[in-house]
Structure formats: structure tokens, C-alpha cells
Amino acid sequence: MESFALYSPSVTSFACYSRISLSRRSLSQFGEPPSSISPVPTFRPIDDFRYSSTPFFCSHFRLSLIKPKPFAKPSTTHKTIRASSTSDEKLQTNGSGSGSQGAKLVPFLISVSIGVIVRFIVPKPVEVSLQAWQLLAIFLSTIAGLVLNPLPVGAWAFLGLTTSIVTKTLTFSTAFEAFTNEVIWLIVISFFFARGFVKTGLGDRIATYFVKWLGKSTLGLSYGLTLSEALIAPAMPSTTARAGGVFLPIIKSLSLSAGSKPGDPSSKKLGSYLIQSQFQSAGNSSALFLTAAAQNLLCLKLAEELGVKIASPWISWFKAAILPAFVSLLVTPFILYLIYPPEIKDTPDAPAMASKKLEQMGPITRNELVMICAMLLAVSLWVFGDALGIASIVAAMLGLSILLLLGVLDWDDCLSEKSAWDTLAWFAVLVGMAGQLTNLGIVAWMSDCVAKSLQSLSLSWPAAFVVLQASYFFIHYLFASQTGHVGALFSAFLAMHLASGVPGVLAALALAYNTNLFGALTHYSSGQAAVYFGAGYVDLPDVYRLGFVMALINAVIWGVVGGLWWKFLGLY
């Protein structure tokens with residue numbers, strides 16, 4: 001979902017260390033950042049990567065990571081950690097040149113064939129109209145293309161949209177209706193907020209304070225980083241932005257200072273554990289707050305289109321998540337400490353290093369203060385907006401306006417946030433198609449078929465709830481994007497829940513929470529997964545093993561603790 005070019009306020013003290021390739025499923029090729037925004041540190045978050053057999057990482061992106069000198073003094077001239085585009089077939093070794101042009105033939109043919117087979121070979125059910133069946137074929141072809149990547153995400157989604165208009169499946173105004181969707185624009189603005197957090201260095205400062213307070217032992221250090229992410233999460237709505245822009249640089253600095261190097265047996269000393277702990281905890285931080293991840297907002301919008309409207313969404317989301325998320329955040333570092341232990345148990349130098357870095361950073365800057373005030377205003381209005389009659393998107397617009405007026409962000413920052421505009425394009429297409437499939441009765445028809453199958457097994461709604469939630473979760477092994485998963489499957493699975501008699505609010509919230517938790521299943525399951533795996537501290541078999549084990553542990557915590565808590569709250 002998101003492109004990547006990190007500019008950290010403290011990276012000028014780093015010397016070149018390693019080169020890692022980051023891969024997105026689909027993304028247009030980007031050039032160098034505009035010269036007008038250098039030397040100001042800039043940021044583009046990421047959220048949609050895919051692993052390939054390329055050494056260390058993936059294709060599509062090559063990221064030059066940096067070897068840190070522990071908590072060194074930031075400079076006013078900011079060097080960059082840059083991502084340059086590559087093609088899947090041929091990695092560029094010098095950071096220049098262009099990849100292959102046009103669509104990849106085999107993925108293109110497969111994606112189009114899926115739509116053609118559904119439209120012309122699979123018999124159309126009597127209950128479904130020809131228009132609905134044709135739109136389903138186009139939608140499935142679009143989803144297949146998002147997975148197989150014949151073209152960048154935005155380009156392929158545009159082709160799907162064009163096809164729906166050319167075939168007169170949808171009118172032009174209907175096809176573009178979702179581009180005015182408030183939730184999609186709220187997601188776009190969230191990218192700009194995340195950029196502000198990294199550009200000002202505020203996220204780095206907050207995390208460093210937690211290292212200072214809790215970093216005397218490796219376990220305490222892990223808890224400090226985990227808690228700092230939970231604190232930042234509601235105001236920095238991108239797990240990938242938090243991972244790449246704040247926490248990975250700090251973890252690498254601490255690890256290298258302890259002699260723990262990536263791609264080396266010494267990685268087990270400290271880095272492997274800290275990376276996995278932060279990675280596995282991030283999903284719970286994102287699930288704790290409605291505004292902690294872009295996909296959360298999309299889930300509630302899709303639920304509303306199916307008639308499941310949640311009153312006071314920010315507060316309702318937080319109330320339902322707080323107990324299971326808090327328990328998971330509390331036990332995750334400890335469980336990993338037991339099953340994936342670091343060789344170094346104590347880190348007595350970390351607090352002193354953090355203190356030294358804070359001294360070098362100096363007092364909090366004007367831009368950091370403005371960023372704090374703008375985000376406090378936005379979060380407050382997200383919490384109390386319903387009572388004040390202020391919509392969430394209006395609150396976000398006010399916060400962004402403050403950042404622009406006071407110079408924390410400039411318009412070039414927004415224009416160069418290509419991931420935000422790319423998201424606007426392909427999200428709108430997916431949301432629009434999903435909405436029309438609902439309006440034309442396809443989702444209801446599919447959910448009825450599944451519900452009848454479940455009823456034939458004599459499953460009660462609680463049993464159906466467990467089966468559907470588990471299916472929704474583990475299907476993510478086939479996806480490399482949380483938001484893509486939501487766009488493709490959330491509406492259908494929610495409709496199946498409703499048809500099986502599961503209470504609507506419970507079903508919608510549980511699916512949304514799972515959307516955050518399955519981001520730690522694999523090395524390609526989310527943007528932060530690509531960032532953390534790319535650091536080179538964790539072997540691929542360990543990623544899969546720990547991802548599955550922690551998925552089961554989270555299922556027990558959210559199923560048992562969450563289930564009892566939701567009963568207490570009256571969700572069922």
C-alpha cells in the first residue's frame with residue numbers, strides 16, 4: 001500500500017552498513033525525492049511488500065540501511081535512506097535505470113482469465129442479475145491482479161475501473177463515487193500525519209525516553225519500545241511508518257552497540273529478540289485504537305455499508321479492544337523472551353546511551369510542540385467528535401491545516417507523499433466495487449450460500465463465528481497487504497457472519513481486530529513485516545514459526561479474555 005523512503009532525523013551519524021531489497025506487490029517506479037525538500041527529512045510509509053528469492057529480502061525495492069553509531073548527535077543536514085525501484089525479474093545493482101515496461105504477460109493472462117472464466121463459463125445463478133455477475137467477474141479479475149501483480153496496484157485498479165465502465169457494468173458517476181468517500185480521505189491524511197512525526201523527530205524522542213526509563217534489561221528494553229509504540233499509535237496511523245521511521249533505527253543502534261549484527265550468529269545476542277518482540281506487539285498496538293492503522297477505518301466503513309453502524313466509533317473501538325490488547329501487549333515480550341530468548345539478558349548501558357542521545361537532541365523543538373498540539377486536537381476530536389458534531393475527516397483536516405499553516409509540513413511534503421495518492425486511487429476502486437457488489441446483491445447471495453452450508457452442519461452462531469474468524473485470519477497467508485485483504489474479503493465475511501446469526505457489532509469488530517493481528521504472520525504479511533524482516537536479524541523459518549505460534553497465542557487471548565470482556569460490554 002505504501003511506498004518507502006525514510007529520512008530519519010538522526011541518521012546522519014550512521015555509516016553505510018548493509019543493502020537490503022524491499023519489495024512491494026505492485027508499485028510504480030519512483031525517482032529521487034524532489035530537491036526542494038532536501039535537506040529536510042522526509043518520509044514515505046510502506047504497507048505492501050512481497051518476498052522473493054532475492055538475497056536478504058525482496059524485489060521491487062532496494063533499501064540502503066545504515067550502520068548506526070549509538071545515539072549520535074543529529075545534524076542539520078539529513079542524509080537519506082532511499083528506496084529505488086527495480087523490476088521483479090532483474091534487480092538493479094547501481095540504483096539507476098528502469099525496470100520492464102508494460103504488464104507482465106503471465107500474471108496478466110491469469111488475472112484476465114479468471115474474470116473471463118467467471119463471466120462466460122461458470123453458470124450464472126438464477127438469483128443473480130447479469131450486471132451483478134459481470135461486476136463480480138471484473139472484481140475477481142481485479143483482486144487476482146492485485147495478488148499476481150501484472151501492473152502496479154493503482155494502474156491495475158484503474159484498468160478494472162475502466163473495464164467496468166467500457167462494458168457498461170457501471171456508469172461513470174457510479175464507478176467514481178467512492179473517490180469522495182470520507183474514510184479514504186481520512187486514510188490519505190493519515191499518511192501526512194505519519195510524515196510529520198518522522199520529519200519533526202517527535203516519534204524518535206518519545207521512543208528514546210522509554211529506552212531511558214525501562215532499558216536496564218533486555219526484557220525491560222522490549223517493554224519500553226512496546227509501550228512507546230502503543231503511546232504513539234493513535235496519533236501515527238501507520239504501523240509501517242512507526243516501524244521504519246521510529247523503531248527499527250533505534251533497535252539497530254542498540255543491537256549493534258551490543259555486538260549483535262544482522263546476518264551473523266551474533267544476531268541472536270539482542271537484535272533478533274527485539275525485532276520479533278516489536279514486530280509481534282505492533283499488531284496489538286494497531287488493534288488498540290481506531291486511528292492506529294489505516295485499515296481500521298476502512299473496516300468500519302465497509303461494515304456501515306452492510307448496515308452495521310457503530311455508535312461513537314473511536315470510543316466503542318477502544319473500549320472493546322483495551323482489555324485483550326493490553327493483556328497481549330503485556331505477555332508478548334515475555335512469551336518471546338521464553339521461546340526465542342536473547343543471549344544478552346541485561347543492557348545496563350542502554351539508559352545512559354538514551355540519556356546522551358536526548359541531550360544531543362536538545363530541548364523539544366517548536367515543530368515538535370506544534371505536532372503534539374495538532375495531534376492532541378485531532379485525537380480529541382476523534383474521541384469526542386460525535387458529541388460535538390464534528391466528523392473524523394473534519395478533525396483530520398483541521399490537524400493537517402495547522403501543520404501546513406505553521407510550517408511543520410509544506411505542500412511539497414504532501415505532493416511527494418506518492419503512497420497517499422496511490423492509496424486514494426486503488427482503495428477507492430476496491431471500495432467502490434465492493435459497495436456496488438453489495439448493492440447488486442452479490443454479497444448477500446454469497447453469504448446465504450455459506451450460511452446454509454454452516455447451518456447444514458448444525459453449527460450454532462458461536463461455532464460459526466469461530467470458523468469464520470479463523471478462516472478470515474489464516475487466509476492472510478495468501479495476501480501481502482492488510483488493506484488489500486480488507487478490500488477483498490471483509491464485506492463478504494461480515495455478511496457470512498450476519499447470515500449465520502452472529503451479532504453485527506461483534507462480528508465487525510472481531511474481523512477488524514484480526515486484520516491487525518494477522519499482520520505478523522509472515523515476512524510479507526504487512527509493511528512492517530517487510531521492514532523488520534529486512535533488517536536481517538531473523539531467519540525466515542523463525543519468522544514463520546513465531547508468526548504461527550504467536551497467532552495461536554493471540555487467538556487464545558482475544559478469544560478468551562476478549563470474549564468475556566465483550567460479553568461484559570453487552571456485544572452479545
Side-chain angles (χ1 to χ4, degrees), residues 1 25-28 48 102-105 107-185 187-188 298 301-306 421-447 479 481 483-495:
M1 171 181 119
R25 274 196 173 273
S26 51
L27 195 67
S28 58
D48 192 7
K104 300 170 190 173
L105 184 59
F108 173 80
L109 292 176
I110 294 174
S111 301
V112 172
S113 297
I114 289 173
V116 171
I117 290 171
V118 171
R119 172 64 181 85
F120 295 105
I121 298 179
V122 176
K124 179 183 73 67
V126 177
E127 311 95 307
V128 177
S129 68
L130 179 61
Q131 179 190 10
W133 194 248
Q134 190 159 288
L135 181 59
L136 176 63
I138 295 172
F139 180 75
L140 292 176
S141 183
T142 303
I143 294 299
L146 297 184
V147 175
L148 298 175
N149 187 26
L151 282 174
V153 166
W156 186 254
F158 183 79
L159 262 63
L161 188 68
T162 302
T163 303
S164 70
I165 296 173
V166 170
T167 58
K168 297 184 179 181
T169 307
L170 298 176
T171 63
F172 182 88
S173 58
T174 302
F176 279 85
E177 193 175 64
F179 281 82
T180 61
N181 188 298
E182 292 183 3
V183 171
I184 293 175
W185 279 99
I187 293 170
V188 169
L298 184 61
K301 177 61 180 177
L302 294 175
E304 186 177 339
E305 291 180 355
L306 287 177
W421 306 113
D422 184 54
T423 298
L424 171 64
W426 74 274
F427 261 28
V429 172
L430 281 184
V431 171
M433 284 188 179
Q436 290 305 313
L437 286 173
T438 301
N439 294 339
L440 294 173
I442 282 288
V443 174
W445 168 75
M446 292 175 64
S447 63
F479 284 84
S481 167
T483 47
H485 189 143
V486 171
L489 297 178
F490 184 90
S491 295
F493 268 84
L494 179 57

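Counting begins at 1 with the first residue of the sequence.
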| query | Do Lys301 and Glu182 come within less than 4.5 Å of each other through their side chains, counting heavy atoms only? | reply | no
| In Å, rounded to the nearest 0.5 Å, how long is the span from NZ of Lys104 to CD1 of Ile110? | 12.0 Å
| request: Please report the closest heavy-atom contact between Ile165 and Thr171, naming both atoms and the distance. | output: CG1-O, 4.4 Å
| said: Could you go through Val118 and Trp133, starting from their C-alpha distance and side-chain angles, then the distance that decides it, and tell me whether this counts as side chain to side chain contact (heavy atoms under 4.5 Å, CB included)? | reply: CA-CA 8 Å; Val118 171; Trp133 194 248; 4.0 Å; yes
| task | Answer yes or no: is there a donor N or O on one side and an acceptor on the other, between the side chain of Ser141 and the main chain of Ala137, under 3.5 Å? | result | no
| Residue pair Leu148 / Ser111: nearest heavy atoms and the distance that separates them | CD1-OG, 3.7 Å
| Going by heavy atoms in the side chains, are Thr483 and Trp426 under 4.5 Å from each other? | yes
| query | Taking all atoms of both residues into account, what is the closest heavy-atom pair of Gln131 and Leu440, and its distance? | reply | OE1-CD2, 3.7 Å
| field | Short side-chain to backbone donor-acceptor contact, Trp185 and Phe179, under 3.5 Å | value | yes
| task | First locate atom CE of Met433, then atom CG of Leu136, and finally report the distance between them rounded to the nearest 0.5 Å. | result | 11.0 Å
| Residues in ring pair (Phe, Tyr, Trp, His ring centres under 6.0 Å) contact with Phe158, at least two apart in sequence or another chain | none
| Would you say the side chain of Ile442 lies within less than 4.5 Å of the side chain of Leu135, judging by non-hydrogen atoms? | no
| message | For Pro125 versus Trp445, what's the shortest heavy-atom pair and its separation? | response | CG-CZ2, 3.2 Å
| said: Does Glu127, at its CD atom, have more than 12 non-hydrogen atoms belonging to other residues, nucleotides or ligands within less than 6.0 Å? | reply: yes
| Can you check whether Leu302 reaches Leu494 side chain to side chain, under 4.5 Å on heavy atoms? | no
| request: Can you see which heavy atom on Phe490 is nearest to which on Ala303, and at what distance? | output: CE2-N, 3.9 Å
| If you look at every heavy atom in Ser164 and Thr167, which pair is closest and at what distance? | O-OG1, 3.5 Å
| Partners meeting side-chain hydrogen bond (donor to acceptor under 3.5 Å, both in side chains) with Thr162 (sequence neighbours left out) | none
| request: Go through Arg119 and Leu130 one step at a time and tell me if the side chain to side chain contact (heavy atoms under 4.5 Å, CB included) criterion holds. | output: CA-CA 9 Å; Arg119 172 64 181 85; Leu130 179 61; 3.5 Å; yes
| Heavy-atom side-chain contact between Leu161 and Phe176 under 4.5 Å | yes
